[in-house]
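Working notes, beginning with the structure itself.
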Amino acid sequence: MQAIFNKFLGGKSGAIELLILSALIFLLLPATLDIFRLNLVGKYLTYAFAAVSLVMVWGYGGVLSLGQGVFFGLGGYCMAMFLKLEASDPVSTARQTTPGIPDFMDWNQVTHLPLFWVPFHSLTFTIIAVFVVPTVFAYIIGVTMFKRRVGGVYFSIITQAIAAILTILVVGQQGWTGGINGITDLKTLHGWNINTNSAKYILYYVNGVLLIATIMLCRYVLASKLGRLLLAMRDREDRVRFSGYDVASFKIFTFCLGAVISAIGGAMFTLQVGFMSPSFIGIVPSIEMVIFAAIGGRMSLVGAVYGTLLVNYGKTAFSESFPSLWLLLMGAMFIGVVMFFPNGLAGLYDTYLKGYVSKLGAMFSRKPVGQQA
Amino acid sequence: MDGYSLSDLWSILVMQGFSGLSLFSVLLLMALGLAIIFGQMGVINMAHGEFMTIGAYTIYVFSKIATNYFPSLMPYYFVLAIAAAFIVAFGVGYVVEFLLIRHLYKRPLDTLLATWGLSLIMQQIFRSVFGAREVSATLPNWLMGAWKPTDTIDIPLNGLFVMLVSVIVTGAVMLFLYRSSWGLHVRATTQNRMMAGSVGINTKKVDRVTFAVGCGIAGIAGAAFTTIASTGPTSGSLYIVDTFLVVVFGGAASLLGTVASAFSIAQAQSILTFFMTNAMGKVVTLLTIIVILMLRPEGLFAAKVRK
């Protein structure tokens, strides 16, 4: 029991890291921010799912996916389709030429619901779809690429092309997807109004819990034999292969896991922000997700969350006052991290602070010396 | 296809084929620089599109100077400006290699990230210097207009010009890589750095010049590009994925492969665009490339080397 628990938490220092992160997400931020800012943080935390998935796929799996936005988008669009169908019941869309279908379909002269939209009337189906659609997609990509030993740079470029294709498709098929505007005007989740302040608070906390749970799941995966194999593969793929392991399957599993994690983030994004659009799935958002992970630390699950929060906070703060400076700063930050701190903030933490933190931990866990009478 | 007469169909075929050829020339010009940087050196330069934009803005600046101060030189400035586009992009590339790229040769995926950061910075600089709006150079008169071989066929002159430039540049790159002693040094360095160093080749210098030449060619691509479209701060980034696909599809180390893949991608896209919408034509082309790449991960013309 103890051992399993340790695996989820990642040992003592891992537990402290998780505790600090939870305190930040659940206590400090809600106590200090108003609901508008908190909702913004909630939005950033949905990106953190993608960053965490990149730590798994890129940091530990050793393949840089530049298409994580694709999975974020798949999850987000699945959720958005359900919410949109709920928002376009025949009564509230009575003024349309064809009542009962989403408004953008009406504008684009689509007169009946496309077949692939129909199952999204059901919430159960939608939730399953959020998990299954990205997994299947990632599985197909993974099998075709990793079984043929496509890796490294080639994998990055192909995933990037896939992100480009998906964006073009979504933007092009306006009548089916809402085009460049995306799916907007989402109102209720199973009758529960998601635009009220209380709903936003609840969604924020749900999102936080899911994120912490995801990190713990990833910790568990990494602590298992699979995790050690991933590291071995990243360093000497050939040796692992010659030892009789099916390298491709492990990579496929990690890639699928990363896809699901991103998709959860996407679905939570749709719920919290109230819309989904192609501007969150293409090449640029996918690379930004890599930036979050890189700045937080590509080998640190918790670091990825901090990286996401920090970069997005900086982006919001700077783009409010100096929009032109922000791009420069972000570019410089990116170059700096890659050149001088390849392990990001987490690497800095490991080098300079970790010693103090573990001393602190030891102070709490051990009885202070000299107090026994 | 009813409603078209046979001669109409013929003209459509010729004009669509020609528009495919001009797309081919643009893609080829973009891809040639990348084929050197990525194919020969293994550096993933995400800022390649921005080097193209440097070339395009150079032309714009030259056209401004020519129209404002030397109107009499208007017909000739363009040739000079192309040379300048090469030199400016070459210079920037040289500096970038020295400051950034040379520290990352052993970490190819990190060059991807660092050069992405570089591209953000360059885009912002373009925006600050030239403004966010798209600009276009004033072209000399001899580039305007069209050549009409028959009544129904129009061949735009700027397209012909771009084709001419790409033929010249391709030839020059072939000569540079396979006939000059510099090219020999480049190929030796990329194939076996230690061995090349030990026979007296200054591999660091070779790296720097090779990278800069690749950037300079991107500058020429940008210069040629101004004859077709206007230039904005983000023009380059629109082409970067296409360009990478061209290089990867052709087989990274093969120049012949780059030419062949640029040709097939451009023609496929141009012909499909005629039958479907623009977006779908592009989607189908990209999907086909990806499927072929999954079957042949090394590209069409893989170099036969032992790994």
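These figures come from a predicted structure and were not determined experimentally. Proteins come first, then strands; the chains are lettered A, B, ... in the order of their sequence lines, and each starts at number 1. These numbers come from the heavy atoms of this one structure, side chains and all, not from hydrogens, waters or symmetry mates.
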Item to check | Candidate list A:I335, A:I291, A:V290, A:L66, test side-chain contact (heavy atoms from CB on, under 4.5 Å), partner B:W116, passing option | outcome: A:I291
Item to check | Region of A:I162 that comes under 4.5 Å of a non-hydrogen atom in chain B | outcome: both
Checklist entry - So which part of B:L104 gets closer than 4.5 Å to some heavy atom of chain A, the side chain, the backbone, both or neither? => result side chain
Next on the checklist: Show the nearest heavy-atom pair for residues A:M339 and B:H103, with the distance to one decimal.
Outcome noted: CE-CD2, 3.4 Å
Next on the checklist: Less than 4.5 Å to any heavy atom of chain B: does that hold for the side chain of A:I287, its backbone, both, or neither?
Outcome noted: side chain
Checklist entry - Is the shortest heavy-atom distance from the side chain of A:I157 to the side chain of B:F38 under 4.5 Å? => result yes
Item to check | Inter-chain contacts: residues 257-271 of chain B against chain A, heavy atoms under 4.5 Å | outcome: none
Checklist entry - Is the backbone N or O of B:L293 less than 3.5 Å from a side-chain atom of A:R148, with the two atoms forming a donor-acceptor pair by type? => result no
Next on the checklist: Take a 6.0 Å sphere around CZ of B:F130 and say whether it holds more than 12 heavy atoms from other residues, nucleotides or ligands.
Outcome noted: yes
Item to check | CZ (A:R239) with more than 12 external heavy atoms under 6.0 Å | outcome: no
Checklist entry - Counting heavy-atom pairs under 4.5 Å to chain A, which of B:L118, B:V283, B:L245 comes out on top? => result B:V283
Next on the checklist: Which one wins on heavy-atom pair count under 4.5 Å against chain B: A:L327, A:V284, A:L329?
Outcome noted: A:L327
Checklist outcome for this item: Okay, A:I283 and chain B: the region with an atom under 4.5 Å from a heavy atom over there is side chain
Checklist entry - chain B: which of A:Q173, A:Q160, A:M333 shares the most heavy-atom pairs with it under 4.5 Å? => result A:Q160
Item to check | Heavy-atom closest contact (A:A332 atom, B:I121 atom, distance) | outcome: N-CD1, 3.6 Å
Next on the checklist: If I measure from the heavy atoms of chain A, does B:I101 come under 4.5 Å with its side chain, its backbone, both, or neither?
Outcome noted: neither
Checklist entry - Should we count CZ of B:R107 as having more than 12 external heavy atoms under 6.0 Å? => result yes
Checklist entry - What closest approach, in Å, do A:R298 and B:L113 show between heavy atoms, and which atom pair accounts for it? => result NH2-CD1, 4.4 Å
Item to check | Choice from B:I125, B:V248, B:I240, B:T111 maximising heavy atom contacts with chain A below 4.5 Å | outcome: B:V248
Checklist entry - For B:I44, is it the side chain, the backbone, both or neither that has a heavy atom under 4.5 Å from a heavy atom of chain A? => result side chain
Next on the checklist: Applying side chain to side chain contact (heavy atoms under 4.5 Å, CB included) to B:I290 and A:I165, what does each step give before you reach the verdict?
Outcome noted: CA-CA 10 Å; B:I290 291 179; A:I165 291 177; 3.7 Å; yes
Checklist entry - Around B:R102, counting heavy atoms of other residues, nucleotides and ligands shown, do more than 12 lie under 6.0 Å from its CZ? => result yes
Checklist entry - Taking C-beta and beyond as the side chain, do A:I168 and B:M280 meet within less than 4.5 Å on heavy atoms? => result no
Next on the checklist: Taking OH in B:Y105 as the centre, count heavy atoms belonging to other residues, nucleotides or ligands within less than 6.0 Å. Is the count above 12?
Outcome noted: yes
Next on the checklist: Testing the basics here: between B:A114 and A:V338, what is the closest heavy-atom pair and its distance to 0.1 Å?
Outcome noted: CB-CG1, 4.0 Å
Item to check | chain A contact via B:I289 - which portion, at a heavy-atom distance below 4.5 Å | outcome: neither
